[in-house]
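A short worksheet on the structure shown next.
What you see is a predicted model; the values in this text were computed from it and never measured. Sequence positions, counted from 1, serve as the residue numbers for this chain.
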Amino acid sequence: MPSLQYKSLLHYNSLLFRNQFLNVSAASPPSPPPPNRNLSCRITSQSMSCSSETPLPTLRTVTITYYELKDKDADLSLKIEEGFGPNGLGILSITDVPEFPSLRRNLLRLSSRLAALPEDVKKELEDPQSRYNFGWSHGKEQLESGKPDLLKSSFYANPLIDVPTNDAYLIQRYPSYCGANIWPQAALPELEVAFKALGKLIFDVGLMVAYHCDQYVSRGMKMQKDEGLEQILLRSRCHKGRLLYYFPAQLSNHEENSDSMSSWCGWHTDHGSLTGLTCAMFKRNDVEISCPDSAAGLYIRTRSGEIVKATFGENEIAYQIGETTEILSQGYLCATPHCVRAPKGKEASGVGRSTFALFMQPDWDEKLKFSEDFYIHKELIPSNDSLTFGEYSETLLDKYYHKKT
């Protein structure tokens with residue numbers, strides 16, 4: 001995602017959009033409102049596009065300072081509701097996190113170097129057994145059209161645990177979580193150090209976000225101490241980091257998919273609990289540049305059906321709510337479909353994009369209870385059914401990847 005530009009315009013757009021669509025007031029009550037149960041207005045991730053000539057609102061994410069977040073006595077319920085609640089965008093960002101700017105830069109600069117490694121070296125980093133959810137992945141994922149996604153590459157690893165389990169049954173049952181990390185120790189040894197350092201920082205800050213989410217949700221529903229998001233994430237062995245590299249477009253001003261918001265990453269909703277995101281780094285010929293197209297970046301589909309561009313600062317960590325948290329919070333915290341739009345025009349020719357996401361998720365044996373009005377992946381999940389997070393994930397992987405044999 002590009003750095004924040006035209007601050008006065010974005011501030012105006014942010015206020016205008018919140019007033020028009022989000023209906024969030026400074027006088028909101030401290031306790032959460034009832035979750036939105038009107039399923040007819042909820043958004044799926046199918047067929048989302050918008051003409052490139054249509055002006056779209058640009059909305060600055062809700063921000064919380066790191067020092068506010070550290071204070072467990074701070075009442076952040078209004079900001080949690082504005083960012084993650086039923087009328088929010090499902091995203092907020094944390095400012096002033098110590099060491100984050102340097103750790104972000106250290107890792108993101110390695111993504112293009114990884115993508116440029118010889119094909120035989122990258123082949124050794126692949127893990128078909130996990131459906132390419134560990135190590136190197138390119139062209140394996142399918143989004144929207146059902147075609148392989150060739151526009152970006154990924155490197156997956158658990159930044160907290162190299163070997164989550166040695167249980168052979170679990171490794172075979174849940175290979176996308178229970179497998180071991182695969183590092184390019186000879187070809188790019190600095191990747192492991194940088195990946196783990198940034199991943200651990202985003203995880204630690206994410207736990208603080210989860211704590212304040214629990215404080216907000218507990219005002220609207222009863223929770224046992226061990227049922228909160230913070231404790232679920234703390235005991236999990238399933239966290240997964242993803243270093244992404246979006247390849248430069250050969251013809252940045254081509255007409256194909258020109259009307260699509262999802263030209264660099266298809267519309268989807270994260271299925272985990274909490275996703276930590278870095279602002280993107282753009283490069284041309286290995287030289288860092290500003291984003292060459294103000295229309296490029298992260299787009300979100302709102303509850304009212306509007307598509308908006310969401311921005312946050314280069315030195316901020318953004319967090320998005322995933323489907324699992326929506327399930328566990330009974331709709332008090334809500335996930336949103338989102339995509340990434342590629343830069344276009346002459347200035348975008350030859351520009352690559354690097355970013356990093358940490359998917360904070362429950363353990364594979366954490367129980368999820370699906371209510372009758374749960375709308376996400378309704379065609380895959382029987383109503384009133386109970387699945388573990390591992391079972392739920394495998395069901396979704398069957399949808400987006402080749403089925404496990």
Side-chain angles (χ1 to χ4, degrees), residues 31-39 42-45 76-77 79-92 174 176-177 202-203 205-240 268-276 303 319-338 357-378 380-397:
S31 58
N36 181 2
R37 297 301 185 187
N38 182 7
L39 301 186
R42 300 308 300 269
I43 308 301
T44 66
S45 57
L76 301 180
S77 57
K79 289 192 173 183
I80 295 295
E81 180 180 328
E82 188 179 0
F84 291 158
N87 293 315
L89 287 180
I91 186 172
L92 55 75
Y174 303 123
S176 60
Y177 296 122
I202 294 177
F203 175 75
V205 176
L207 286 179
M208 299 180 196
V209 174
Y211 169 84
H212 288 284
C213 286
D214 290 339
Q215 301 309 300
Y216 168 75
V217 172
S218 65
R219 299 185 181 192
M221 60 177 280
K222 291 183 179 180
M223 287 193 309
Q224 299 296 324
K225 185 177 181 180
D226 64 346
E227 291 178 343
L229 181 60
E230 181 189 25
Q231 290 302 313
I232 287 174
L233 296 177
L234 194 58
R235 62 177 175 255
S236 175
R237 296 159 287 179
C238 280
H239 308 299
K240 185 69 65 70
H268 65 285
T269 306
D270 295 349
H271 75 273
S273 297
L274 196 63
T275 302
R303 308 289 186 263
Y319 289 91
Q320 288 182 286
I321 289 293
E323 294 171 351
T324 300
T325 292
E326 182 163 341
I327 297 166
L328 295 174
S329 71
Q330 298 180 16
Y332 282 102
L333 304 171
C334 297
T336 49
H338 50 277
L358 177 66
F359 303 105
M360 300 173 65
Q361 305 166 133
D363 205 65
W364 52 78
D365 58 5
E366 194 80 45
K367 288 285 187 180
L368 306 180
K369 177 65 177 177
F370 298 85
S371 63
E372 288 185 357
D373 59 1
F374 181 66
Y375 76 100
I376 306 172
H377 305 301
K378 191 74 172 180
L380 302 176
I381 310 298
S383 61
N384 284 323
D385 200 4
S386 179
L387 299 175
T388 66
F389 178 72
E391 292 167 342
Y392 178 53
S393 299
E394 289 295 312
T395 299
L396 298 184
L397 286 171

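The side-chain hydrogen bond (donor to acceptor under 3.5 Å, both in side chains) test applied to Thr324 returns no partner, not counting sequence neighbours. Not a single ring-ring contact (aromatic ring centres under 6.0 Å, His included) links His212 to another residue, sequence neighbours left out. For Lys240, the salt bridge (charged side-chain N to carboxylate O under 4.0 Å, His left out) test picks out no residue, with sequence neighbours left out. Taking Glu230 as the reference, nothing meets the salt bridge (charged side-chain N to carboxylate O under 4.0 Å, His left out) condition, with sequence neighbours excluded. Remark: Asp363 pairs with Arg237 by the salt bridge (charged side-chain N to carboxylate O under 4.0 Å, His left out) rule, at least two apart or across chains. Taking Glu366 as the reference, Arg235 meet the side-chain hydrogen bond (donor to acceptor under 3.5 Å, both in side chains) condition, with sequence neighbours excluded.
In this structure, Ile80 CD1 and Leu333 CG are separated by 7.5 Å, a value rounded to the nearest 0.5 Å. Atom CD1 of Ile202 sits about 10.5 Å away from atom OG1 of Thr275, to the nearest 0.5 Å. One distance of note links CG of Leu76 with CE of Met208; it measures 12.0 Å at 0.5 Å rounding. For the atom pair CG of Leu274 and NE2 of His239, the computed distance is 10.0 Å after rounding to the nearest 0.5 Å. Separation of atoms NE2 (His268) and CD (Glu323) is listed at 10.0 Å; rounding is to 0.5 Å.
The closest side-chain heavy-atom distance from Leu229 to Leu328 is not below 4.5 Å. Side-chain contact check for Met223 versus Val217: some heavy-atom pair is nearer than 4.5 Å. In this structure the side chain of Ser273 reaches within 4.5 angstrom of the side chain of Pro362, judged on heavy atoms.
In plain terms, the two heavy atoms of Cys334 and Pro86 that are nearest each other are SG-CA, 3.7 Å. Nearest heavy atom pair, residue Gly322 against residue Ala335, reads C-CB, 3.6 Å.
Aromatic rings of Phe84 and Tyr216 (six-membered ring for Trp) have centroids beyond the 6.0 Å cut-off, not under it.
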**OP:** Could you go through the side-chain contact (heavy atoms from CB on, under 4.5 Å) check for Leu207 and Leu233 one step at a time?
**Re:** CA-CA 7 Å; Leu207 286 179; Leu233 296 177; 3.9 Å; yes

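Using a distance-only test at 3.5 Å, with no hydrogens or angles considered, no donor-acceptor pair links the side chain of Gln361 to the main chain of Gly272. The closest donor-acceptor contact from the side chain of His338 to the backbone of Asp270 lies at 3.5 Å or more, if one exists at all. In terms of modelled atom types and a separation under 3.5 Å, the side chain of Glu391 and the main chain of Thr388 share a donor-acceptor contact. Listed for the Tyr319 side chain is no donor-acceptor partner under 3.5 Å among the backbone atoms of Val209.
Of the residues Trp364, Phe359, Phe389, the one that meets the ring-ring contact (aromatic ring centres under 6.0 Å, His included) test with Tyr177 is Phe389.
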